[in-house]
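Heads up: the structure comes next, in structure tokens.
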Amino acid sequence: GENVEQHPSTLSVQEGDSAVIKCTYSDSASNYFPWYKQELGKRPQLIIDIRSNVGEKKDQRIAVTLNKTAKHFSLHITETQPEDSAVYFCAAAYYGQNFVFGPGTRLSVLP
Amino acid sequence: GAVVSQHPSWVICKSGTSVKIECRSLDFQATTMFWYRQFPKQSLMLMATSNEGSKATYEQGVEKDKFLINHASLTLSTLTVTSAHPEDSSFYICSARDRSSGTSYEQYFGPGTRLTVT
């Protein structure tokens with residue numbers, strides 16, 4: 001089955017700096033890669049997603065890159081703000097089914 | 001749009017009793033709903049996938065007789081934790097896919113239910 005690794009497990013950055021979180025997956029059949037932000041005790045919120053036929057996607061301060069050959073994808077957050085502090089999860093899925101989540105990255109943006 | 005609710009938001013029950021958690025899609029029809037479990041400071045683990053009108057598909061290691069899932073309509077799925085024990089204490093989150101979403105793969109998540117078994 002699919003296995004998703006995520007690094008780093010914790011990340012602290014100064015406000016205004018960039019943050020990068022990397023994930024690797026094992027199943028080459030996976031074709032959908034969403035990223036979620038979760039605040040303590042709350043539901044995961046989709047922040048950006050990418051499909052396997054696309055190499056990069058950007059939405060304002062957030063971007064995701066995908067390297068299918070190497071089976072890894074990364075989340076990039078620029079101009080970080082304190083409200084970006086949360087736990088971020090990557091996931092790999094096959095046509096929107098069977099989401100396998102990474103272990104998560106706790107991001108702290110220091111003012 | 002695409003709102004998913006769960007009820008209750010938190011529940012405390014005694015060991016050996018059963019607890020039912022409801023997941024509803026409020027403004028869309030969901031042919032497929034998913035149930036996840038999240039232990040403190042851990043990731044979300046898929047427990048089962050349920051399709052309206054058919055039996056749920058459970059992930060390996062999830063006891064189907066302990067975690068009963070019913071997806072009786074296009075807007076409601078229920079998870080019943082039977083004979084709950086303290087180790088079942090967790091955050092249970094459901095998600096749903098919009099039947100009319102076309103080629104979108106997005107799952108919409110509910111707010112979660114925190115279960116504490118004493």
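Order of the sequence lines fixes the chain letters, A, B, ..., with proteins taken first and strands second; residue numbering starts at 1 for each chain.
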Any chance [atom1] of [X] has more than 12 other-residue heavy atoms, nucleotides or ligands included, within less than 6.0 Å?
{"X": "A:E83", "atom1": "CD", "value": "yes"}
{"X": "A:K22", "atom1": "NZ", "value": "no"}
{"X": "A:Q81", "atom1": "CD", "value": "yes"}
{"X": "A:R51", "atom1": "CZ", "value": "yes"}
{"X": "A:E79", "atom1": "CD", "value": "no"}

Point to revise | Minimal non-hydrogen separation, A:R43 against B:P111, with atom names | key: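 Looks like NH2-CB, 3.6 Å.
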Out of curiosity, [X] [atom1] to [Y] [atom2], how far, rounded to the nearest 0.5 Å?
{"X": "B:Q38", "Y": "A:F89", "atom1": "CD", "atom2": "CZ", "value": "5.0 Å"}
{"X": "B:F91", "Y": "A:Q38", "atom1": "CZ", "atom2": "CD", "value": "6.5 Å"}
{"X": "A:Y95", "Y": "B:R97", "atom1": "OH", "atom2": "CZ", "value": "11.5 Å"}

Check your understanding: If you tally heavy-atom pairs under 4.5 Å against chain B, which of A:A91, A:P44, A:G104 wins?
Key ->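 The residue among A:A91, A:P44, A:G104 with the greatest pair count is A:P44.
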**Study point:** Connected via hydrophobic side-chain network under 4.5 Å: A:F73 and A:I62
**Key:**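 Yes, because A:F73 and A:I62 connect within a single hydrophobic cluster, where side-chain heavy atoms sit under 4.5 Å apart.
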Check your understanding: When clusters are formed by joining ILVMFWY residues with side-chain heavy atoms under 4.5 Å apart, either directly or through shared neighbours, do B:Y108 and A:L46 land in the same one?
Key ->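 No, because B:Y108 and A:L46 fall into different hydrophobic clusters, even though each may have its own neighbours under 4.5 Å.
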Check your understanding: Which answer fits A:F99, side chain, backbone, both or neither, if we ask what part of it has an atom under 4.5 Å from a heavy atom of chain B?
Key ->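 Answer is both: backbone and side chain atoms of A:F99 are under 4.5 Å from chain B.
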Check your understanding: Any side-chain heavy atom of B:T57 sitting closer than 4.5 Å to one from A:Q97?
Key ->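 They are not in contact (no side-chain heavy atoms under 4.5 Å apart), so the answer is no.
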**Study point:** A:N98 side chain near B:E59 side chain, heavy-atom distance below 4.5 Å
**Key:**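 Side chain of A:N98 against side chain of B:E59, heavy atoms only: contact under 4.5 Å found.
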Practice item. Please check if the side chain of B:S43 supplies one atom and the backbone of A:G102 the other of a donor-acceptor pair under 3.5 Å. Key: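 Yes, the answer is positive, given that a donor and an acceptor are paired below the 3.5 Å cut-off.
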